[in-house]
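Comments concern the structure below.
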Amino acid sequence: MDFDKVILARPCDWTIWFKTLSVEAHKLGVWDYIDPAGEMFLLRPDVPLLPKQLQRMPSIAEDGVEAVELYNRALHHFTNVTLPLYTMRLDRYIEDAASLDKMEQFFDQTVSKLAYGEMCARAGTLRGKIATLQGQLMPTRQTEVNDAYWALEEHLSKEIVDDDDWSIKWSRDLRAALLRCESLQAMDDDHIFRVGRDVHSIFFRDGAPRKFPSACDPDKGWKRVYPGEPTVDSIVFADEEAPPEQLETEPASE
């Protein structure tokens with residue numbers, strides 16, 4: 001796991017940190033064991049006990065043919081069903097335990113001990129630590145919307161650098177900010193605008209072709225494309241190519 005890019009040090013880090021935690025745990029198949037809203041625990045499977053029928057080997061002379069056949073059937077079931085099933089469950093337990101260790105590592109390496117170490121120390125289990133942090137840090141919907149708004153405003157207020165590489169990175173970061181707003185359905189006013197209706201207006205409102213000549217160059221930066229209303233997915237950035245059928249067709253000049 002690459003932990004370098006996800007650090008929980010401030011309340012504003014919670015959303016992306018928790019999402020990353022969830023994605024990693026689901027990939028490893030252990031989310032149910034750490035879900036703060038869940039109640040499932042990883043338990044080592046019990047070693048199967050020897051059935052009563054197998055605790056003594058019967059003989060035909062003393063116990064009869066039926067007793068011997070019953071013993072053989074029980075032995076066959078125990079060796080071919082019960083033991084393999086136990087082995088399979090034990091292997092899964094070992095695998096899940098190793099995955100939970102990885103999630104413990106993720107938690108230890110991505111949660112600031114300075115900011116939240118004392119709080120987490122009192123929680124005990126990994127699930128308890130996550131639940132404790134969630135109770136303290138999970139933002140309200142309005143907080144997330146506000147954060148998305150200011151992140152977009154901050155991005156659009158960056159000092160301009162007349163450089164192609166900078167323009168490409170700027171367009172990528174813009175797309176991430178727009179998608180974040182879209183996911184929160186926060187694009188309802190003149191600044192946090194609704195994607196799919198007038199996503200391009202911000203560029204013309206703020207004079208983007210003048211401010212970002214490289215980013216707006218059809219051959220170097222993003223392009224507005226059609227058919228239909230423009231959306232985040234219909235903006236082509238400098239390192240991408242639009243599907244041929246989506247490229248805007250310029251009307252022939254009369």
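Since we're looking at a predicted model, the values are computed, not measured. Note: hydrogens, waters and symmetry copies are ignored here, and every other heavy atom, side chains too, is used.
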Quick check against the 3.5 Å criterion: does Arg127 have a side-chain atom that pairs as donor or acceptor with the backbone of Met40? yes
What I'd like to find out is whether the side chain of Phe106 reaches to under 4.5 Å of the side chain of Leu28, using heavy atoms alone. no
Interatomic distance, CD1@Ile16 vs CD1@Ile7, rounded to 0.5 Å, equals 12.0 Å
Do Asp91 and Glu95 have side chains that approach each other closer than 4.5 Å (heavy atoms only, starting at C-beta)? no
Approximate separation, where rounding is to 0.5 Å, of Gln53 CD and His77 NE2: 10.5 Å
Between Ser99 and Tyr33, is there a side-chain heavy-atom distance shorter than 4.5 Å? no
Would you indicate whether the side-chain heavy atoms of Val65 and Ile60 approach each other to under 4.5 Å? yes
Exercise: identify the closest heavy-atom pair between Ala9 and Ala115: O-CB, 3.7 Å
Hydrophobic cluster identity match, Met88 and Tyr86, side-chain contacts under 4.5 Å: no
Using the rule that Ile, Leu, Val, Met, Phe, Trp and Tyr join whenever any side-chain heavy atoms are under 4.5 Å apart, tell me whether Leu83 and Leu75 fall into a single cluster. yes
Can you measure from OG1 (Thr82) to CG (Leu49) and round to the nearest 0.5 angstrom? 11.0 Å
Output the distance between atom SG (Cys120) and atom CG (Leu126), rounded to the nearest 0.5 Å. 9.5 Å
If Ile, Leu, Val, Met, Phe, Trp and Tyr residues are connected whenever their side-chain heavy atoms lie under 4.5 Å apart, and connections chain through other members, are Ile94 and Ile34 in the same group? yes
Please say yes or no: joined through hydrophobic side-chain contacts below 4.5 Å, possibly via intermediate residues, are Val47 and Leu42 part of one cluster? yes
Can you tell me if Lys129 uses its side chain to pair, donor with acceptor, with the backbone of Met119 under 3.5 Å? no
Would you give the length of the straight line joining atom CG of Asp96 to atom CZ of Arg44, rounded to the nearest 0.5 angstrom? 13.0 Å
Under a 4.5 Å cut-off applied to non-hydrogen side-chain atoms, are Asp63 and Arg56 in contact? yes
With a 4.5 Å limit on heavy-atom distance, are the side chains of Val23 and His26 in contact? no
Walk me through it: do Leu21 and Thr110 pass the test side-chain contact (heavy atoms from CB on, under 4.5 Å)? CA-CA 10 Å; Leu21 171 84; Thr110 60; over 6 Å; no
Could you tell me whether the side chain of Asp13 and the main chain of Arg10 form a donor-acceptor pair under 3.5 Å? yes
Show your reasoning for whether salt bridge (Lys or Arg N to Asp or Glu O under 4.0 Å) applies to Lys27 and Glu24. CA-CA 5 Å; Lys27 285 188 337 190; Glu24 293 293 345; 3.7 Å; yes
Smallest separation among heavy atoms of Pro45 and Tyr93, with atom names: CD-CB, 3.8 Å
Would you indicate whether the side-chain heavy atoms of Trp17 and Val111 approach each other to under 4.5 Å? yes
Separation between CG of Asn72 and CG of Leu54, rounded to the nearest 0.5 Å: 9.5 Å
Non-hydrogen atoms of Trp14 and Pro139 that approach each other most closely: CD1-CD, 3.3 Å
If you draw a 6.0 Å radius around CD in Gln55, do more than 12 non-hydrogen atoms from other residues or ligands fall strictly inside? yes
Hey, does Ile130 have a side-chain heavy atom less than 4.5 Å from the side chain of Phe18? yes
Measure from the side-chain N and O atoms of His76 to the backbone N and O of Val81, and report whether any donor-acceptor pair falls under 3.5 Å. no
